[in-house]
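Chain identifiers are assigned alphabetically (A, B, ...) following the order of the sequence lines, protein sequences preceding nucleic acid strands; residue numbering begins at 1 within each chain. None of the values given here were measured: they were computed from a predicted structure.
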Number of protein chains: 2
Amino acid sequence: MKKSRRSGKVTLSDVAAAAGVSAITVSRALRDSSTVSEGALARIERAVADLGYVPNVAAQALASNRTNIIGAIIPSVTNNVFSDVLKGIYNAIEGTPYQLQLGNTRYTVLEEERLVRTFLSQRPAGLIVSGIDQSPATRELLKTSGVPVVQIMETGPDPIDLMVGFSHRLAARAAVEHLIEAGYRRIAFLGARMDPRTQRRLLGYRDALGDAKIDEDLIMTTPRPSSVILGGHLLGDLLARRPDVDAVFCNNDDIALGALFEAQRRNIAVPSGLGICGFNDLEYMEAATPSLTSVRTHRLQMGATAVELLARAIEGNRPEADVVDLGFDVTPRESTRR
Amino acid sequence: MKKSRRSGKVTLSDVAAAAGVSAITVSRALRDSSTVSEGALARIERAVADLGYVPNVAAQALASNRTNIIGAIIPSVTNNVFSDVLKGIYNAIEGTPYQLQLGNTRYTVLEEERLVRTFLSQRPAGLIVSGIDQSPATRELLKTSGVPVVQIMETGPDPIDLMVGFSHRLAARAAVEHLIEAGYRRIAFLGARMDPRTQRRLLGYRDALGDAKIDEDLIMTTPRPSSVILGGHLLGDLLARRPDVDAVFCNNDDIALGALFEAQRRNIAVPSGLGICGFNDLEYMEAATPSLTSVRTHRLQMGATAVELLARAIEGNRPEADVVDLGFDVTPRESTRR
DNA sequence: AGGAAACAAGACAGCGCTATCATTGTCAAC
DNA sequence: GTTGACAATGATAGCGCTGTCTTGTTTCCT
């Protein structure tokens, strides 16, 4: 007797036989119940429940040449900023028919390109990519794929398709303007991992200082990945070079927290001796002693909006605006109040 | 003329035609090149490159009734602990043929069960689940699936299949023993989100106090999700109830950091007036002023080991030991040095 | 030289589903 | 009564790949 290759699972035909209809009717009933008569639908639903039928997604994908996968490609899973965005994505995807698949570039453009290729080969329903600095090849792949794409984290000119984020340059500028208004004049920029977003924040820092006609030669950066410890080191190095600095604009909150701890270690009073401003407004900024000024960004909402834009585009009713700017809020706290 | 349903992509047969062999030979060449002659292999490789052939994973999955998907199901993407584990998983999975698919339970057993069902219906190569507190139905599903499964985060009796983690009870006990050795006697437990792992840490806390014959009625907990701010609140509530407390064992580092900030706010000297010990040893613990004692857990290695165990099990050579205990290290720092 | 064993490659069918076209029955409009 | 529109359902043929079996070819041993 010929050995069957069947997986042992309940198939559409089994359901069809149990419900007394043909397989195709079951298929239709499950995809769009309005196309099937009430009686048949009821019998099919019973049969599905009785037999414990679970559709085979591979067969669905092969036959229909599409999937319900939304791919999200982010640089890091451990960075709090991206994990918040991811949380927003998960929240929004719940209750939709879509399933999330995650890719992790580790901040390299090449890995991003590889991931885009891998994801596209699976014919995803939509794709979420981070930032606006894709390689030309990646942009081309995405543009010609026919798959809806959302770029998140940042706004900028020339979106691949859809976009949701904010201007890092304007946000940094607003933060530094806040420091200037608070009376600080020798304001340094502390930054790690000078990725493109960081570079644009540096531009915003320069914009603000330029407008206020302030000497700007107070930039401490390192290519190393950001961390709280590194924030302390950066402040230490800065103070060694320029002991007269009176405030630091930190490229992110980890660095700001590290700077605070370093200041405490050196008995530098914050905010009177040193003003500290971070970026992103992670949860601990409010809890710190003194509480730390930061720039609030809308990360959960960014993830949620990305999914909403994508869902609409997939379903054919594209939103009027391709680019959604969620803005930011400078959130002054004790660390810059003097 | 009949309209073709073809996806427009290059298929195996296209490659086969270009290489002058049959489709099945190309399939074999791509899966195990040793089964094909050198000449044919070279021609096939050329054809693949020339045509830009990308396999259709849905067709592969349907025909072979298996995939190269490893599913990972974790409670939260924003919790640093899990994101570190996830990073370890991604690191280890690179260079293997497997692809990661992530599920997010948000700390609910029901969602976990749903995700396990969804993942299993895709016939994954292996599955990673978090903790040892799966529902009986989930355990049964996993056990009968035939899919290799690793439970991560914790060790315990009766593994579903494979297991890698450590004993939270012993780790908490060791931390509290450290506090006792440092001379603290009125030691409180601060905990948020009393999930099963937290409960077992509480047991460890009680073990240590019981052994030292110390009164243990100093437990402050809340069902709310953990955060730095909450750590401050918990310490505040504790001090209102028991101003004579001399040390806190915090269920995680966020709470420990919040407790430190709250102590600073109240001008309570750490470690002389209050000892603080956290759990997990996140990066900022070392950077804090004073640096914070914690229990180091091997999160990256946990993720990596999970993938290794799984890969071995998938390939048929199961490891000798089903359960890998990665242990922990109490890491004493300034916050408990008196 | 003869035959077993090992190797290389192909034929064929089918995995479980959906696109497409065809068929049937019902009912309102003329 | 005929017609056409529409709703409900079915038959058929794949989607692109791999499992299984078969056929041909080479190698090596006795």
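Among the atoms of the strands shown, none is found under 4.0 Å from any heavy atom of B:A61.
Partner of A:V48 under the side chain to side chain contact (heavy atoms under 4.5 Å, CB included) criterion, chosen from A:V54, A:L30, A:L12, A:D14: A:L30.
If you measure from atom CG of B:N56 to atom P of D:dG16, you get 7 Å, rounded to the nearest angstrom. Between B:Q122 atom CD and C:dG16 atom C1' the separation is 15 Å, expressed in whole Å. Regarding B:L12, its CG atom lies at a distance of 15 Å from the C1' atom of C:dA9, rounded to whole Å. Whole-Å rounding puts the B:Y53 OH to D:dG16 P distance at 10 Å. One atom, CD1 of A:I24, and another, P of D:dC15, lie 16 Å apart when rounded to the nearest Å. Going from atom CZ of A:R123 over to atom C1' of C:dT18 covers 15 Å, rounded to whole Å. Taking atom CG of residue A:D32 and atom C1' of nucleotide D:dA7, one finds them 13 Å apart after rounding to whole Å. When rounded to the nearest whole Å, the span between CD of B:Q60 and P of D:dC15 equals 17 Å.
Closest to the side chain of A:A63, out of D:dG16, C:dA9, D:dG14, is D:dG14. You'll find that the side chain of B:S37 is closest to C:dA8, out of D:dC17, D:dT9, C:dA8. For B:L62, counting side-chain heavy atoms from C-beta on, the closest listed nucleotide (C:dG10, D:dC17, D:dG16) is D:dG16. When the nucleotides C:dG10, D:dT9, D:dG19 are ranked by their closest atom to the side chain of B:S22, C:dG10 comes out on top. In this structure, of C:dG10, D:dG16, C:dA19, it is C:dA19 that holds the atom nearest to the side chain of A:S64.
Under 3.5 Å, the side chain of B:R28 and the base of D:dG19 form no donor-acceptor pair of N or O atoms.
With DNA chain C read from its 5' end, the first of the two nearest nucleotides for B:A59 and B:A23 is the one closest to B:A23. Sequence order on DNA chain D of the closest nucleotides to A:T25 and B:R31 puts A:T25 first from the 5' end.
At least one test fails for A:R106 against the ring of B:Y90: distance under 6.0 Å to the centre or angle within 45° of the axis.
Summarising the geometry, atom CD1 belonging to B:I152 is positioned 11.0 Å from atom CG belonging to B:L309; distances are rounded to the nearest 0.5 Å.
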Fill in: CA sep, side-chain torsions, deciding dist, call: A:E111, A:R114, salt bridge (charged side-chain N to carboxylate O under 4.0 Å, His left out)
CA-CA 5 Å; A:E111 181 66 7; A:R114 204 188 62 74; 3.0 Å; yes
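For A:R66 and C:dA19, the shortest distance from a side-chain N or O to OP1 or OP2 is below 4.0 Å.
Between A:E308 and A:R312 there is no salt bridge, since no side-chain N of the basic residue sits under 4.0 Å from a carboxylate O of the acidic one.
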